[in-house]
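Structure first, then comments.
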Amino acid sequence: VQLQASGGGLVQAGDSLRLSCVASERTFSSYTMGWFRQAPGKERELVACISWSGGSRFYSDSVKGRFTISRDNAKNTVYLQMNILKPEDTAVYYCAAAPQFLVVVAGYHYWGQGTQVTVSS
């Protein structure tokens, strides 16, 4: 599965962005999809993930209530709506796919190339 993430940019604190990740295969609909981020000098962390049906979702405590993950299986696309952005949200954001609903980095076998999100104060 090839993943292409987009939608990053430079915004001010309090603004919103929507990230998109398009998958190359129809089997996309069978995968759990996750959004991860990695800031300079920090480990990659899971931000949110969504099961193949959309029935299960997970959010990290740092984004809960501000970010929303969704998917459109007909378009092979997963989204991350990010609201009330903070400077600490600055990172490279990656989308990834896993065969099961996982809330850890390990197990996500397919990764997109990353998109930079920078939030100025």
Side-chain angles (χ1 to χ4, degrees):
V1 178
Q2 293 185 336
L3 304 172
Q4 181 73 35
S6 62
L10 172 63
V11 297
Q12 293 186 334
D15 286 350
S16 298
L17 276 176
R18 189 176 79 157
L19 305 183
S20 299
C21 174
V22 181
S24 61
E25 297 184 6
R26 295 179 181 178
T27 54
F28 163 85
S29 62
S30 66
Y31 287 93
T32 287
M33 297 300 298
W35 283 100
F36 295 77
R37 68 185 180 188
Q38 188 166 20
K42 295 188 177 182
E43 293 185 354
R44 190 169 297 187
E45 62 170 343
L46 175 64
V47 173
C49 63
I50 185 169
S51 62
W52 67 272
S53 67
S56 297
R57 307 182 193 198
F58 167 86
Y59 298 96
S60 68
D61 288 343
S62 60
V63 307
K64 199 173 295 183
R66 300 188 296 123
F67 290 11
T68 301
I69 190 170
S70 61
R71 66 190 297 161
D72 185 339
N73 287 340
K75 296 181 179 179
N76 288 357
T77 303
V78 61
Y79 305 98
L80 185 68
Q81 178 66 43
M82 306 186 294
N83 298 329
I84 318 175
L85 282 161
K86 304 176 181 180
E88 51 264 43
D89 295 319
T90 295
V92 177
Y93 284 71
Y94 300 88
C95 59
Q100 301 175 23
F101 188 75
L102 298 170
V103 297
V104 294
V105 176
Y108 282 83
H109 301 305
Y110 305 101
W111 292 84
Q113 85 288 3
T115 184
Q116 176 71 46
V117 173
T118 303
V119 184
S120 63
S121 58

Apply side-chain contact (heavy atoms from CB on, under 4.5 Å) to V22 and L3, showing your working. CA-CA 6 Å; V22 181; L3 304 172; over 6 Å; no
Starting from W35, can I reach V1 by hopping between I/L/V/M/F/W/Y residues whose side chains sit under 4.5 Å apart? yes
Contact between V47 and F36 at the side-chain level, heavy atoms closer than 4.5 Å - yes or no? no
Report whether F28 and Y110 are members of the same hydrophobic cluster (ILVMFWY, side-chain heavy atoms less than 4.5 Å apart, transitive linking). yes
With a 4.5 Å limit on heavy-atom distance, are the side chains of E45 and Q38 in contact? no
Can you confirm whether H109 sits close enough to P99 that some side-chain heavy atom of one is under 4.5 Å from a side-chain heavy atom of the other? yes
Student check: side-chain heavy atoms of F67 and L85 closer than 4.5 Å: yes
Under 4.5 Å between side-chain heavy atoms, hopping through other hydrophobics if needed: is there a path connecting V63 to F58? no
Applying salt bridge (Lys or Arg N to Asp or Glu O under 4.0 Å) as the test, list every pair that has at least one member in residues 68-88; sequence neighbours left out. none
Should Y79 and L19 count as side-chain neighbours, where that means a heavy-atom distance under 4.5 Å? no
More than 12 foreign heavy atoms under 6.0 Å from CD of Q2: is that the case here? no
Side-chain heavy atoms under 4.5 angstrom apart, residues restricted to Ile, Leu, Val, Met, Phe, Trp, Tyr: same cluster for F101 and W111? yes
Taking it one step at a time, do Y94 and T115 satisfy side-chain contact (heavy atoms from CB on, under 4.5 Å)? CA-CA 7 Å; Y94 300 88; T115 184; over 6 Å; no
Which pairs count as salt bridge (Lys or Arg N to Asp or Glu O under 4.0 Å) when at least one residue sits in residues 89-117, sequence neighbours excluded? R37-D89, R66-D89
For residues 106-121, pull every pair meeting salt bridge (Lys or Arg N to Asp or Glu O under 4.0 Å), keeping only residues two or more places apart or in separate chains. none
State, yes or no, whether a side-chain contact exists between V104 and L46 at a heavy-atom distance under 4.5 Å. no
Apply the test side-chain contact (heavy atoms from CB on, under 4.5 Å) to residues R57 and T68: give CA-CA distance (whole Å), side-chain angles for both, the deciding distance (0.1 Å), then the verdict. CA-CA 9 Å; R57 307 182 193 198; T68 301; 4.2 Å; yes
Could you check W52 against T32 for side-chain contact (heavy atoms from CB on, under 4.5 Å), going step by step and ending with a plain yes or no? CA-CA 5 Å; W52 67 272; T32 287; 5.6 Å; no
With heavy-atom distances below 4.5 Å as the criterion, would you say the side chains of V119 and Q12 are in contact? no
So do the side chains of N76 and S24 get within less than 4.5 Å of each other, counting heavy atoms only? no
Decide yes or no on side-chain hydrogen bond (donor to acceptor under 3.5 Å, both in side chains) for T118 and Q116, but give the supporting numbers first. CA-CA 6 Å; T118 303; Q116 176 71 46; 3.3 Å; yes
